[in-house]
Amino acid sequence: MAAALLHGVGSTTPLSSVNYNNSRRSLPERKRASFLIQCYGSLLPGSKIGINRAAKLSTNAVTTKQDNVTASTTSKPGHELLLFEALREGLEEEMERDPRVCVMGEDVGHYGGSYKVTKGLADKYGDLRVLDTPIAENSFTGMGIGAAMTGLRPIVEGMNMGFLLLAFNQISNNCGMLHYTSGGQFEIPIVIRGPGGVGRQLGAEHSQRLESYFQSIPGIQMVACSTPYNAKGLMKAAIRSDNPVILFEHVLLYNLKERVPDEEYVLNLEEAEMVRMGEHVTILTYSRMRYHVMQAAKTLVNKGYDPEVIDIRSLKPFDLHTIGNSVKKTHRVVIVEECMRTGGIGASLTASINEHFHDYLDAPIVCLSSQDVPTPYAGTLEDWTVVQPAQIVATVEQLCQ
Amino acid sequence: MACSATAKIIHNPLMLSSSRSAEKYESCCKISGPTSLLGSKFLGKKLLSAKSAISPASRRSGAVVAVSSDVVKEKKLKSSSSAASNLLITKEEGLVLYEDMYLGRAFEDMCAQMYYRGKMFGFVHLYNGQEAVSTGFIKLLKQEDCVVSTYRDHVHSLSKGVPARQVMSELFGKTTGCCRGQGGSMHMFSKEHNVLGGFAFIGEGIPVATGAAFTSKYKREVLKENCDEVTLAFFGDGTCNNGQFFECLNMASLWKLPIVFVVENNLWAIGMSHLRSTSDPQIWKKGPAFGMPGVHVDGMDVLKVREVAQEAIGRARRGEGPTLVECETYRFRGHSLADPDELRDPAEKAHYATRDPITALKKYLFENNLANEAELKAIDKKIDEIIEDSVEFADASPVPARNQLLENVFADPRGFGIGPDGKYRCEDPKFTEGTAQV
């Protein structure tokens, strides 16, 4: 919640410009349930969430402590959750709500999930609803797709996103395509989720970022969560969506703690999240890099810069409205991502921004991505493959000259 | 128990190494445990008699030994002593089977014609010769049961009930096709008739079929619905060397899913002979390795296939788990219409041409006084008219308009995202015209 509250620097920003309310989102002819609250923590007029608050946001990626931010809204105080608990809570709420929602994956049942996201669910819902599968990613992902086609709403968990490379055949050929090739007859409301990203010396194969590989597949949506608040909201949205959604989690973020609302909320899959408003430069990021960016933002603010930080959340499709508005305001863009340089999300985003907002740019877009290197085991080398806050600070300084 | 004359299951028509001992075969074929119900019915004594009839194979395609359809012969012996109750099918059933097989054959022949006339393009894989498998199995299903096929899926769709008009239109790429022209020959889908595709890569459909069977079990056990839907997965001999096949055999057997894995072993995967690509060419044996019965049946005889199918589908419906059925069959044409089909031995082709399943059924119907020439000719005529009509319909149907381009990419088109103006891309009028850049 603290992260989501960081809108509005000063009271001059009218609420409407960051208004994420429902009306223009919902399509009148669609019968979808309208989402409840877009961004919890909508600003109260006069609330002074200033720069310093933003700067104090916790920056360590594996932090468990958060700023003791008292709720700045008038609704209930909410409850504290770790990110994996938030995912579980979202999952459980959806399983409670719709008996067709089921989970399948390796060690999701009796073991409770390798990252404890499904802990306790098998006891509650049984071995068929929370299915422990054999180690056959391609086939059980395909099985999930077949189940989705025939009426269930499965969530397929990859123990590590990298394992889903084995399921690429099913994800690309079936998950993405079958709705189209069947002429719209079969829907595939599947959610494929799992942790990815560079962890702590996990080695190359366990440190993969698959968002770049999957992004070209037509017919799927991709979202990346970064806080307990958006993790729960995106999980619920993904489950309720009739499209196949791939939800990217990050190994190092599972123990983040945040206060989430008590009441039910579902986020919008296609929207980006404004983390910190600013004037000088737009920094676009997602997943773990959000925290590196916020750490860099602290330094930048102390040096007198005013970065605007947006967590794009929706990796496919991009929320060009939020991003566009930001670019139109600041005229400078830095993309910070953990994906590889070549063909990554940043590369696509750069192309997209250039295409749509070229006239508004005062400088070329800078994209900071991980090196095109298989993630080394050694800690020092590993640190150098991903983008570090110091690099971000240096880049922004150079860009803003 | 359906009838007195059980289908003769020849378990090693592809006998390669004559070094295999008789005992080894016996033990291989006997399946222990509750699944032996199926095994014991068809095995045992039959096996011994079958083995003696088989001559050692030669190296290439001549390895396939004559697997004769003995059903007709057996009938002749018994007909003198018993009444019509000895027959495997009634007249109505016989006519249904005949009509379905003839529909499949006539349709595929028409496809070939249309392809060479330039009405359809791409890869078209025809089913000529294999009709007994499709008819034998699918005619036993209910509408709610699911069928999953491969790229050789026209006849599976027709047998399941998809109108010929819709299939032909789909092949022509017209908007009235079962998939609005978006799927094509290799992707036949029908929600109404529960045809779950139509897959271009081999093995891809097997997990999907496993998923459909999983849904059936889920509905029964979690949702507490009265569900006994069965799924049939059709695939070829080449697929049986693919990982997805084995992974799904394991999962289906593990969870006792209501699925039947039907292998249409036509001995050739494009130009790769089954014997050259498989260490143990007897596919039915792979079933018991995963704890399910493996049955081998003569796939050129629709009655034998039907009997085996009855048992296998019955097993699945009762919740006893999956079955692996290997149907030894043959495709009269090449792998696809683009395949010059030069590798297969003409003698092999000629041999199987004499075992045409439609001719065999016709003979059976005549010899058992289930139908006469006139009735079958009437069916032929009716089917020919249906096919003609389907071509006319497809010809007259419109091609998809541009606005169809983006429509079915997402079930929820908000998945195209939010454009720079703040509106969803799918609200853009250009989107419905199909000209939007997304």
Peer 1: List the atom of B:P420, the atom of A:H356, and the distance in Å for their closest heavy-atom pair.
Peer 2: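 Scanning both residues completely, I find the closest heavy atoms to be CG-CD2, 3.7 Å.
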
Peer 1: Using the side chain to side chain contact (heavy atoms under 4.5 Å, CB included) rule, pick out the option among A:T181, A:N174, A:N173 that qualifies with B:F199.
Peer 2: A:N174

Peer 1: Among the options A:G146, A:A148, A:P189, A:P244, pick out the one with the most heavy-atom pairs lying under 4.5 Å from chain B.
Peer 2: A:G146

Peer 1: Return yes if some donor-acceptor pair links the side-chain N/O of A:H179 with the main-chain N/O of B:N408 below 3.5 Å, else return no.
Peer 2: yes

Peer 1: Please tell me if the side chains of B:F214 and A:L152 come closer than 4.5 Å, counting only heavy atoms from C-beta onward.
Peer 2: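 Heavy-atom side-chain distance check passes, below 4.5 Å.
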
Peer 1: I want to check something: taking the side chain as every heavy atom from C-beta on, are B:V208 and A:M149 in contact at a cut-off of under 4.5 Å?
Peer 2: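 Touching, per the 4.5 Å side-chain cut-off.
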
Peer 1: Examine whether an atom of A:Q221 lies under 4.5 Å from a heavy atom of chain B, and if so say whether it belongs to the side chain, the backbone or both; otherwise answer neither.
Peer 2: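 Interface part for A:Q221: both.
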
Peer 1: Check whether any side-chain N or O of A:N243 sits under 3.5 Å from a backbone N or O of B:A411 as a donor-acceptor pair, and report yes or no.
Peer 2: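 Between the backbone of B:A411 and the side chain of A:N243 there is a qualifying donor-acceptor contact (under 3.5 Å).
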
Peer 1: If we only count heavy atoms from C-beta on, is the B:L254 to A:P134 side-chain gap below 4.5 Å?
Peer 2: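 B:L254 reaches A:P134 side chain to side chain.
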
Peer 1: Using non-hydrogen atoms only, which part of A:M104 is less than 4.5 Å away from chain B: side chain, backbone, both, or neither?
Peer 2: side chain

Peer 1: Quick check against the 3.5 Å criterion: does A:Q185 have a side-chain atom that pairs as donor or acceptor with the backbone of B:F189?
Peer 2: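 Side chain of A:Q185 to backbone of B:F189: a pair is present.
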
Peer 1: How long is the gap from CG on B:L196 to CG on A:L178, to the nearest 0.5 Å?
Peer 2: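 Between B:L196 CG and A:L178 CG, I get 8.5 Å after rounding to 0.5 Å.
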
Peer 1: Is A:F318 in contact with chain B via its backbone, its side chain, both, or neither, using a 4.5 Å heavy-atom distance?
Peer 2: backbone

Peer 1: Are the side chains of A:L320 and B:R425 in contact, using a 4.5 Å heavy-atom criterion?
Peer 2: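 Answer yes - side chains close enough.
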
Peer 1: When heavy-atom pairs shorter than 4.5 Å are enumerated against chain A, which of B:G183, B:G203, B:S216, B:A212 gives the highest number?
Peer 2: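 The option with the most such pairs is B:A212.
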
Peer 1: Report which part of B:V195 has an atom under 4.5 Å of a heavy atom belonging to chain A: side chain, backbone, both, or neither.
Peer 2: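 Contact with chain A involves the backbone of B:V195 alone.
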
Peer 1: Select, from B:A209, B:C178, B:G198, B:G197, the one with the greatest count of heavy-atom pairs under 4.5 Å involving chain A.
Peer 2: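 Ranked by heavy-atom pairs under 4.5 Å with chain A, first place is B:C178.
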
Peer 1: A:R153: what forms a side-chain hydrogen bond (donor to acceptor under 3.5 Å, both in side chains) with it, not counting sequence neighbours?
Peer 2: A:D242

Peer 1: Could you tell me which of A:T133, A:D127, A:N138, A:I145 has the largest number of non-hydrogen atom pairs under 4.5 Å with chain B?
Peer 2: A:N138

Peer 1: Which pairs pass salt bridge (charged side-chain N to carboxylate O under 4.0 Å, His left out) with one or both residues in residues 205-222 of chain B, sequence neighbours excluded?
Peer 2: B:K217-B:E221, B:K219-B:E229

Peer 1: Is there a side-chain contact between A:S139 and B:T210 (heavy atoms, below 4.5 Å)?
Peer 2: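 No; the side chains remain at least 4.5 Å from each other.
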
Peer 1: To the nearest 0.5 Å, what is the distance between OG (B:S190) and CZ (A:F186)?
Peer 2: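 The distance works out to 6.5 Å.
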
Peer 1: Distance check, rounded to the nearest 0.5 Å: B:E247 atom CD versus A:I135 atom CD1?
Peer 2: 10.5 Å

Peer 1: Only counting residues at least two apart or in another chain, list the ones meeting side-chain hydrogen bond (donor to acceptor under 3.5 Å, both in side chains) with B:N242.
Peer 2: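 B:N242 satisfies side-chain hydrogen bond (donor to acceptor under 3.5 Å, both in side chains) with B:Q244 once adjacent residues are dropped.
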
Peer 1: Among A:I323, A:I220, A:I188, which residue forms the greatest number of heavy-atom pairs with chain B at distances under 4.5 Å?
Peer 2: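 If we count pairs closer than 4.5 Å to chain B, A:I220 comes out on top.
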
Peer 1: Considering all heavy atoms of both residues, which atom of B:Q182 and which atom of A:Y180 are nearest to each other, and what is their separation?
Peer 2: NE2-O, 2.7 Å

Peer 1: Going by atom types alone, do A:R100 and B:Y218 pair a side-chain donor with an acceptor below 3.5 Å?
Peer 2: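 The answer is no; no qualifying pair exists.
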
Peer 1: Mind checking whether A:S182 and B:H187 have side chains closer than 4.5 Å, heavy atoms only?
Peer 2: no

Peer 1: Assess whether side chain to side chain contact (heavy atoms under 4.5 Å, CB included) is satisfied between A:M143 and B:W255, documenting all intermediate values.
Peer 2: CA-CA 13 Å; A:M143 194 172 98; B:W255 299 315; 3.4 Å; yes

Peer 1: Tell me, for A:T141 versus chain B, whether the close heavy atoms (under 4.5 Å) come from the side chain, the backbone, both or neither.
Peer 2: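 For A:T141, neither part sits under 4.5 Å from chain B.
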
Peer 1: Would you mind telling me which of A:G126, A:G184, A:G151, A:G144 has the largest number of heavy-atom pairs within less than 4.5 Å of chain B?
Peer 2: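 Of the options given, most contacts go to A:G184.
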
Peer 1: By number, which residues in residues 164-172 of chain B have some heavy atom less than 4.5 Å away from chain A?
Peer 2: none

Peer 1: Less than 4.5 Å to any heavy atom of chain B: does that hold for the side chain of A:L131, its backbone, both, or neither?
Peer 2: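 Contact with chain B: side chain only.
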
